[in-house]
Amino acid sequence: MLLHEEIQQHLAKLEPSLQAEVLDFVLFLEQKQQQALAGTVVNDEEALKIHQQLMDQYSDAFTKLAQ
C-alpha cells in the first residue's frame with residue numbers, strides 16, 4: 001500500500017473536525033515547503049514560533065484522538 005493510501009484510510013476514520021485539523025496542518029506544510037523552495041530563510045525566532053505552533057497542534061490532535 002502506498003503512503004498516501006494509508007494516510008487516506010486513517011483520515012477516513014477521524015471525525016470531521018479532526019479531518020479539518022489535518023487539512024489545516026497539510027496546508028501549513030505546503031506553505032512551509034513553498035517558502036523553502038523559494039529560498040526564504042526563516043530566522044531563529046520564526047523557527048521557534050513555527051515549532052511551538054506544531055507542538056501545540058500535535059498536542060491538540062493527540063488529546064482529541066485519546067478521547
Side-chain angles (χ1 to χ4, degrees):
M1 177 180 305
L2 297 174
L3 180 60
H4 73 277
E5 293 171 335
E6 189 172 344
I7 291 169
Q8 286 176 327
Q9 283 184 346
H10 287 281
L11 186 61
K13 295 176 186 177
L14 297 176
E15 61 185 56
S17 63
L18 291 177
Q19 290 179 7
E21 285 189 47
V22 172
L23 176 59
D24 288 343
F25 182 66
V26 169
L27 294 173
F28 168 78
L29 290 175
E30 285 180 350
Q31 182 182 21
K32 183 178 171 183
Q33 180 179 5
Q34 288 175 354
Q35 289 175 346
L37 293 175
T40 302
V41 176
V42 177
N43 65 33
D44 288 344
E45 184 177 330
E46 290 177 59
L48 288 172
K49 185 177 177 181
I50 291 169
H51 176 73
Q52 184 60 49
Q53 289 172 344
L54 290 173
M55 294 300 103
D56 291 343
Q57 289 174 352
Y58 286 141
S59 176
D60 291 345
F62 284 118
T63 300
K64 289 178 182 178
L65 285 173
Q67 294 176 353

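Both backbone and side-chain heavy atoms feed into the values below; hydrogens, waters and symmetry mates do not.
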[X], [Y]: one ILVMFWY side-chain cluster at the under-4.5 Å cut-off?
X	Y	result
F28	L14	yes
V22	L2	no
Y58	I7	no
L54	F62	yes
L48	L29	no

Using side-chain heavy atoms (C-beta onward) and a distance below 4.5 Å, is E45 in contact with K49? no
Polar side-chain atom of [X] near backbone of [Y] as donor-acceptor pair, under 3.5 Å:
X	Y	result
T63	S59	yes
Q9	E6	no
Q57	F25	no

Going through the distances and angles, do Q19 and L23 end up as a side chain to side chain contact (heavy atoms under 4.5 Å, CB included)? CA-CA 6 Å; Q19 290 179 7; L23 176 59; over 6 Å; no
Nearest non-hydrogen partners of I50 and K32, listed with the distance: CG2-NZ, 4.4 Å
Distance-only polar pair, side chains of E46 and N43, donor-acceptor under 3.5 Å: yes
Salt bridge (Lys or Arg N to Asp or Glu O under 4.0 Å) partners for E21, two or more places apart: K64
